[in-house]
Amino acid sequence: MMKKRLARSRSDRKLAGVIGGLSRYVGIDSTILRVIFIILLIPTGFFPLAVVYGLLAFVLPHEEEAIR
């Protein structure tokens, strides 16, 4: 049995694949997560979520690297 791992998506990506990978990990459609992310950008003042996205894009491995 393969363990579920959080990784950036190579196939479901708009920028770095973070939300595509997160959607695969939690089992929610990536479009819904992208809409939620954009809606949350407005009340948080853009900066906190943009920093978290940038950090995840830097830290999370791609799907192929996570399989190894």
Side-chain angles (χ1 to χ4, degrees):
M1 185 164 114
M2 193 166 173
K3 192 172 156 184
K4 208 157 123 177
R5 301 198 66 159
L6 180 58
R8 292 187 291 155
S9 174
R10 286 226 190 247
S11 59
D12 186 12
R13 63 188 304 166
K14 297 297 179 194
L15 292 175
V18 172
I19 294 180
L22 184 62
S23 73
R24 183 170 294 151
Y25 183 76
V26 297
I28 298 175
D29 185 44
S30 60
T31 304
I32 294 171
L33 281 183
R34 286 184 180 103
V35 169
I36 291 170
F37 182 80
I38 291 171
I39 289 172
L40 288 176
L41 277 176
I42 296 165
T44 61
F46 183 77
F47 185 72
L49 281 180
V51 169
V52 168
Y53 186 92
L55 287 173
L56 288 174
F58 183 70
V59 172
L60 288 180
H62 285 286
E63 290 171 326
E64 298 86 20
E65 296 167 7
I67 292 172
R68 294 184 209 165

Shared ILVMFWY cluster between [X] and [Y], side chains joined below 4.5 angstrom?
X	Y	result
Leu15	Val52	yes
Leu55	Ile19	no
Leu41	Val35	no
Phe37	Val26	yes

Nearest atoms (heavy-atom pairs only) where [X] meets [Y]:
X	Y	answer
Ser23	Asp29	CB-C, 4.1 Å
Ser11	Ser9	N-OG, 3.3 Å
Ala16	Ala57	CB-CB, 3.7 Å

With no hydrogens and no angle check, is any side-chain donor or acceptor of Arg8 less than 3.5 Å from a backbone partner on Gly17?
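No, Arg8 side chain to Gly17 backbone: no donor-acceptor pair under 3.5 Å.
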Gap separating the [atom1] atom of [X] from the [atom2] atom of [Y], nearest 0.5 angstrom:
X	Y	atom1	atom2	result
Arg34	Ile36	CZ	CD1	12.0 Å
Ile42	Leu49	CD1	CG	11.0 Å
Leu6	Leu56	CG	CG	7.0 Å
Thr44	Ile39	OG1	CD1	12.0 Å
Leu40	Leu33	CG	CG	10.5 Å

